[in-house]
Structure formats: structure tokens, C-alpha cells
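Once you've had a glance at the structure underneath, I'll fire off some questions.
Because only heavy atoms are used, hydrogens play no part in the values below, and waters and symmetry mates are left out as well, while side chains stay in. Since the structure is predicted, the reported quantities are computational estimates derived from the model, not experimental observations. Proteins get letters first, then strands, A, B, ... in listed order; numbering begins at 1 in each.
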Number of protein chains: 2
Amino acid sequence: MLEGITTTRAIRRFVEEPVPPEVLRAILFAATRGPSGSNRQPFRFLVLTDGPKARAAKAILGEGARRMWDVKRSGERYDRGSGAVSNSRKARVADAMQHLVDRFEHIPAVVLACFLSAGEVGNEGSAVWPACQNLLLAARALGYGGVLTGFHFVVKDQLQAVLGLPDTASFVATIPLGKPAGHHGPVRRRPLGELVFQDSWGNAPAWAVDPPGTEFTSGRTPVPALSSDRLAEIEKSIR
Amino acid sequence: MLEGITTTRAIRRFVEEPVPPEVLRAILFAATRGPSGSNRQPFRFLVLTDGPKARAAKAILGEGARRMWDVKRSGERYDRGSGAVSNSRKARVADAMQHLVDRFEHIPAVVLACFLSAGEVGNEGSAVWPACQNLLLAARALGYGGVLTGFHFVVKDQLQAVLGLPDTASFVATIPLGKPAGHHGPVRRRPLGELVFQDSWGNAPAWAVDPPGTEFTSGRTPVPALSSDRLAEIEKSIR
């Protein structure tokens, strides 16, 4: 179990074959075992495979995904610096993202993780995201994989209409899902002592040591996510 | 792995013995393997065990926890209806919560999951919560357990001061952690067909069937979480 958790990668390239119903059942069963305050279970999962509405929704999401990635690819200079060097880490990430958005309509299953409000205030993430992580881990356990994305951000209204979401429901994550064309494996993170403290902020405990062979990300401050202003601009350009 | 994911319960009663450093390392290593947008890793974990600042922080959190639970216990009528029946589900949940808050200062390890802002807007949950779920699952894999709480909600300022958090950091979850005095096991959720749809909202797929023996929660609409107004009132009463 520990090995599975620590080697679950974001999967962005899929074998283009359907996810069998018994696999979907096991993955979604695991997702819905996620915790929520007072066991309210305000998460709902909408699985898009190949029905007519699913195809329409995938096309809308694909359009949103391509627009968002276009803006991010140029805005975050994915093709400059090391990104211009063939097979560099940056270039490989950009290639995988480009593949994901170009083939969006062919992704075997796209899961929309939704929040269903029951009068409580905000804090929706606290219940939907742990269930999403269960989903990704269960997929990995069964030889599948996926990635958390926000591709619905810029096409919310169209999606809501096509899929018949009630006003009390909202999209939290868009999760492409399928059999990996690549493979899972160890992930790169900052050294453990930069992420984990004991007793007070910034105090790395002696035990916060990575296992031998762990690979790290660079220490540079990463680029901020697309701002809500920028997302609103993209959304307007699609309508 | 699937069995572990689907039988991870909220643990609120702990054996009062320290969590060994090698267990903390494995659990926090797993937590920090969680995904984040562009691998920004904006999560930080502050582990409170028995140092002087940790004890002070646990006392502050304990006070917040007891005030919040007092309000919730009466406001949500935990001692009325079936809650008044000894050993009913409702009464057992209330007992476990009362035990958790009464013994808060004795919890072996309290993990504060934090969000470190790097200029991106909102959406902090999307990176911190999946890591928290990894933490709970890794704990379960090693014979430990924990529970996601928001006990920091009403004591944020005092905690921030004691623990030396920078202005760019904020608390997302308070996670009591230790060896369970009880045990993990299957959890109760609504029937899968109420939580999972295919093609369009409300359309339960044929495969959304629970395994034989699955136990369900009642279908009643659960009580909303404490409102932000109510939380602010409790916060004011503590200062």
C-alpha cells in the first residue's frame, strides 16, 4: 500500500480502450469511501465515457483544455530555456500536456468530481479532494491512472447545461482516467525537510530524511497558477 | 491496496504512546507524494508531538476543539432522538468526539496541514487535501490512524503566533494521529448509485452496485456544518 501511494504519478497518456465496468465500479467505490465532515458525503462523481451527452461534454472540456494549455504553454514559457531542449524534463511535461489536450475527446473515461451543497458554507474541497485522491490511488492499484485537472474552469456553464447539473452542484475537478500508455513510478518532490516541520514552523526534524535514491525537484519557486482574471478571459473567449 | 483504501476509518481514540520517528517519516513521506498543479507542492506539514511549542499548540487546539464540539453537540442535537439511546450509532459518534476533544492534549501526534501561498489565487484545497488523504491512508497501512478536523478554525491567530507561521502560510486541516484504540474497518456511505452517475447528472449506471454486505448510512439530509458566523462567534469567545 505504501509503495502504491508513493508511486502514483499523474498519467496524461492513455491506451485508447474503454475502462471495463468492473474497474469503474472498484475505482468509484474507493473514491466514495473518502471522509467528509459528519459523513455528509457531499461528493458526486459523473463519469463520461461514450454516451451522447458524454461525447458532447468531452468536446466542451477538450476545447477548454486546449485553450487553457495554450495560454499556460506560452505564458509559463514552456518552450524557452530548458523547455527548448529536446527530451528535457520541461519539454517532456509540455509534450505530455499537449498530448492530453489534443486527444481529450479520446480519453477512455473522464470523471467530473462535483460538490453538492446542502447549505453548509464553503470548504467544499475538504470533502471532494480526498475522495479524488482515493480515486487516483484505486486506479493505480488496478493498473490504471489519471490526473487532477481544472479544465472545467473555463467551460462551466456549457457543461452544467449539457449534463443537467442542478444549481446546488458544482464542478471541483476534471479527472481523465484510463490505462497508462506510460507507467507509474516514484515522483519528484522537494527534500522532505523542506516540506515537514516539527514543533515549530521551519524546524526540520531529524527523521525527515528521504529514502536513498529519492529524486528531487529543483528548489526554484514555481510559476503561480493561472489567475482567476486570466481564467475569466479564456472563458469569455470560448463563449 | 484497495482493501486499505476502502477500510480507512476516522480514528478518534488513540493508544497514548508516541508515534516512532520511522513511522512519522513513512507517513509524512507518503503525504508529500500527493499531487499539486505544476508540481508546486504548496503543502507543508507541521507535526506536534511533545516539544514545548507543540504542547502549547496542542493546548490551544484542545481548547478550540472543546468549544467547537460543545456548540456542535448541542446545536446538532447529539443527545436527542437516537442519540439519547445508549450505544446507538449517534451516541457512539458523540462519545468518540467527546473523548477526542477531552484527551486532545494527550494525542500522540497532531499534524497541522498548511498551505503555503506563492502568489496563486485561492484553490488551496486542491493541493493540500489529497496529501492529507495520502497521510491517513499511509497511517492505516502502518497500523495507525487519524481524522481530518477543522479545530484550528477558532484559534488560528494564537496558533500562528505560537508556531511562528509566516504570513504566506495558513492552516488547512488539523489531523490527530496515533495508534487506534479501536480499529479500522468498512465505512458507511450512501448506496453507490446515489453518489456516482454516468453520461448525465442523476443517471446511475448499471455497474454502480455496492459489494454484498456493504452497510449504508440513512438517506436523510445531514445537518450542515457550523456556519462561518457561528465559528466567528466561538473564536471571539475564546480570545
Which side-chain N or O atoms in residues 50-59 of chain B pair as donor and acceptor under 3.5 Å with protein atoms at least two apart or in another chain?
unit_1	atom_1	unit_2	atom_2	d
B:R55	NE	B:D50	O	3.2
B:K58	NZ	B:T49	O	2.9
B:K58	NZ	B:I107	O	2.7

### Task
For the pair B:R190 (side chain) and A:R40 (backbone), establish whether a donor and an acceptor sit closer than 3.5 Å, ignoring hydrogens and angles.
no
### Summary
Of A:G202, A:G34, A:C132, A:A208, the largest count of non-hydrogen pairs under 4.5 angstrom with chain B goes to A:G34
### Query
Most heavy-atom pairs under 4.5 angstrom with chain A, which of B:L195, B:L165, B:N134?
B:L195
### Task
Supply the atom-to-atom distance A:L48 CG to B:S200 OG, rounded to the nearest 0.5 angstrom.
9.5 Å
### Query
Picking from A:E22, A:E3, A:R25, A:M97, which has the most non-hydrogen pairs under 4.5 angstrom with chain B?
A:R25
### Query
Under a 4.5 Å heavy-atom cut-off, does chain B meet the side chain of A:V209, its backbone, both or neither?
both
### Query
Side chain, backbone, both or neither: which part of B:A10 has an atom under 4.5 Å from a heavy atom of chain A?
neither
### Task
Among A:G37, A:P35, A:P205, single out the residue with the greatest number of heavy-atom pairs under 4.5 Å to chain B.
A:P35
### Query
What residue in A:L28, A:V187, A:V162 has the most heavy-atom pairs under 4.5 Å with chain B?
A:L28
### Summary
Comparing B:A138, B:A131, B:S36 against chain A, the one with the most heavy-atom pairs below 4.5 Å turns out to be B:A138
### Message
Please report the interatomic distance OG1(B:T8) to NE2(B:H184), rounded to the nearest 0.5 Å.
### Response
6.0 Å
### Task
Look at the side chain of A:R188 and the backbone N and O of A:E215, then say whether any donor-acceptor pair between them is shorter than 3.5 Å.
no
### Contacting moiety of A:I5, where chain B heavy atoms sit under 4.5 Å
both
### Message
If we ignore hydrogens and angles and just use 3.5 Å, is the side chain of B:N203 paired with the main-chain N or O of B:F197 as donor and acceptor?
### Response
no
### Query
Between A:L177 and A:L135, does a side chain to side chain contact (heavy atoms under 4.5 Å, CB included) hold up when you go through it step by step?
CA-CA 10 Å; A:L177 185 70; A:L135 186 154; 4.1 Å; yes
### Query
Which bit of B:L192 is near chain A, if near means a heavy-atom gap under 4.5 Å: side chain, backbone, both or neither?
side chain
### Query
Residues of residues 140-149 of chain B under 4.5 Å from chain A (heavy atom pairs)?
B:R140, B:A141, B:L142, B:L148
### Message
I'd like to know if the side chain of B:K156 pairs up with that of B:S170 as donor and acceptor (distance under 3.5 Å, no hydrogens or angles considered).
### Response
no
### Residue part contacting chain B, namely of A:A30, when any heavy atom lies under 4.5 Å
both
### Query
Has B:E233 got more than 12 heavy atoms of other residues, nucleotides or ligands less than 6.0 Å from its CD?
yes
### Task
To the nearest 0.5 angstrom, please state how far the CG atom of B:D167 sits from the CD atom of B:Q160.
7.0 Å
### Message
Quick check for you: to the nearest 0.5 Å, what is the distance between A:L2 atom CG and B:M1 atom CE?
### Response
9.5 Å
